[in-house]
Amino acid sequence: MRIRKALFPVAGMGTRFLPATKANPKEMMPIVDKPLIQFAVEEAIAAGIEELIFVTSSSKRAIEDHFDSHFELERRLAEQKKYELLKIVKNILPKGISCVYIRQAEPLGLGDAVLCAKHVIGDEPFAVLLADDLIDSEVGDSTHCLTDMVQSFERTHASIIAVESIHLSDSLNYGMVGLAPNVHDYPNLLPINRIVEKPLAKDAPSNWAVLGRYVLTPHIFKALESLPKGIQGEIQLTDGLARVLEHDALYAYPIKGKRYDCGNQLGYLQAIVAYGLRHPKVGTAFQHYLNAHITLAAESLV
Ligand code: G1P
């Protein structure tokens, strides 16, 4: 079955970016001039997604507004003949893409956020994208991460999770998977034989970490329904996936592009530098600025 729906869990409070995220959703933080959530939505649409399901909470209205039309702004831009900007504002979502917003009543974790969308997703496979993980497909492979995963799902019909190798000392920040040899010979995929949420380095099954891109079968809902709270007192998607693994195959997709962890300040700054340097308007000037800045900094060390 084709993957038509994508879930964006955007209810998190973004405490690492306070005070910026006190009244603004962390998913609306811009990489130069495009908010993080728009990158994730564009990746989903490129993979053939037609329905965007946002699981939100209070103070996330800006996300809804961003993907809606803004009559006043559009009229102003038209009056001022700023047609290029008008096009950007009007074409955030292509025609035929629909949005659904669901409130997550309590901050009970990623697994609970997925469960909140059960009635909208129904009995079909779907994608989950965490906007914090910005995957830059212009580095390395030119295909979007989710496009590759959706195409792989057409062969496996089993859930697929994006992974990346990390330093084991960071295992406490990620779901960690153990991998088995690929007996089915699916290109780009490896079977998962264990999955654990945020283990200590000594308990991690390997150094492969789960990233915020999933293609899931609806079996995940049954697994999540009766799940007790896991680490951090939350219903963990990873724990639900561990249950799915008891009966079904689960595959890991090692990503090809470069991933920026925009859920922390350093990763966010690195993303801004990478995207800023190739920005059509300011890229060259930014490059000159950085070169001069680095030279000055090097001179001050002499
Ligand atoms: C979530 C998941 C975790 C995954 C991570 C990827 O954690 O629970 O398994 O590795 O996203 O970014 P969070 O970053 O929300 O704590």
Side-chain angles (χ1 to χ4, degrees), residues 6-18 21 25-27 29 36-37 39-40 43 54-57 60 104 106-117 127-136 145-146 149 159-179 192 194-201 203-216 220 223-224 227-245 250-255 257-268 270-271:
L7 172 62
F8 300 87
V10 292
M13 295 213 275
T15 45
R16 280 191 220 146
F17 280 94
L18 283 170
T21 48
K26 63 174 174 165
E27 297 79 9
M29 304 234 309
L36 279 169
I37 188 69
F39 283 94
E43 185 181 330
F54 298 89
V55 178
T56 74
S57 61
K60 297 284 180 162
Q104 186 177 14
E106 281 182 82
L108 288 177
L110 183 56
D112 179 68
V114 171
L115 201 49
C116 285
V128 178
L129 296 96
L130 307 186
D132 281 4
D133 280 327
L134 176 61
I135 302 179
D136 186 353
C145 176
L146 193 70
M149 292 173 72
S159 299
I160 301 174
I161 302 169
V163 297
E164 182 180 57
S165 63
I166 59 153
H167 289 294
L168 264 184
S169 52
D170 284 337
S171 66
L172 272 174
N173 295 318
Y174 295 96
M176 301 295 293
V177 297
L179 300 179
I192 292 175
R194 250 190 93 196
I195 179 162
V196 193
E197 181 69 1
K198 305 191 172 113
L200 294 171
D203 301 324
S206 75
N207 66 337
W208 288 97
V210 173
L211 298 190
R213 298 291 182 280
Y214 308 77
V215 173
L216 301 178
I220 189 64
L224 289 170
L227 206 62
K229 287 180 183 169
I231 201 160
Q232 294 169 342
E234 295 182 344
I235 311 281
Q236 297 292 350
L237 179 58
T238 301
D239 296 344
L241 289 166
R243 280 203 173 170
V244 169
L245 189 57
L250 208 59
Y251 290 92
Y253 168 82
I255 65 154
K258 163 105 180 107
R259 193 253 328 194
Y260 295 96
D261 179 1
C262 294
N264 73 59
Q265 285 95 337
L266 183 60
Y268 179 65
Q270 288 166 344

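Excluded from the calculations below are hydrogen atoms, water molecules and symmetry mates; all remaining heavy atoms, backbone and side chain alike, are included. Count residues from 1 along the sequence. For ligands, and for the atoms within them, numbers begin at 1 and follow the listed sequence.
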| said: Would you call the rings of Phe8 and Phe54 parallel, tilted or perpendicular, taking 30° and 60° as the class edges? | reply: parallel

| field | Heavy atom of the protein closest to atom 14 (O) of ligand 1 (residue, atom name, distance) | value | Asn173 O, 4.5 Å

| Should Glu197 be counted as touching ligand 1, given the test is an N or O pair under 3.5 Å? | yes

| query | Do ligand 1 and Lys198 have nitrogen or oxygen atoms that lie under 3.5 Å from each other? | reply | yes

| task | Ignoring hydrogens and angles, tell me if any N or O in the side chain of Ser171 forms a donor-acceptor pair with the backbone of Ala201 under 3.5 Å. | result | yes

| message | I'd like to know if atom 7 (O) of ligand 1 has any protein heavy atom within a distance of less than 4.0 Å. | response | yes

| said: At less than 4.0 angstrom from any non-hydrogen atom of Thr238, what atoms of ligand 1 do you find? | reply: 9 (O)

| query | Under 3.5 Å, side chain of Gln236 to main-chain N/O of Lys229, donor-acceptor pair present? | reply | no

| So does Asp133 pair up with Arg259, basic N to acidic O under 4.0 Å? | yes

| message | So, regarding Val210 and ligand 1 (criterion: nitrogen or oxygen to nitrogen or oxygen, under 3.5 Å), is there a contact or not? | response | yes

| message | Is it the case that the side chain of Ser159 and the backbone of Leu216 share a donor-acceptor pair, with hydrogens and angles ignored and the cut-off at 3.5 Å? | response | no

| said: With a 4.5 Å cut-off on side-chain heavy atoms, are Ile135 and Arg213 touching? | reply: yes

| field | Heavy-atom proximity to atom 1 (C) of ligand 1, best of Asp132, Leu130, Ile231 | value | Leu130

| said: Suppose I only count heavy atoms of Asp133 and a 4.0 Å limit; which atoms of ligand 1 are within that range? | reply: 6 (C), 12 (O)

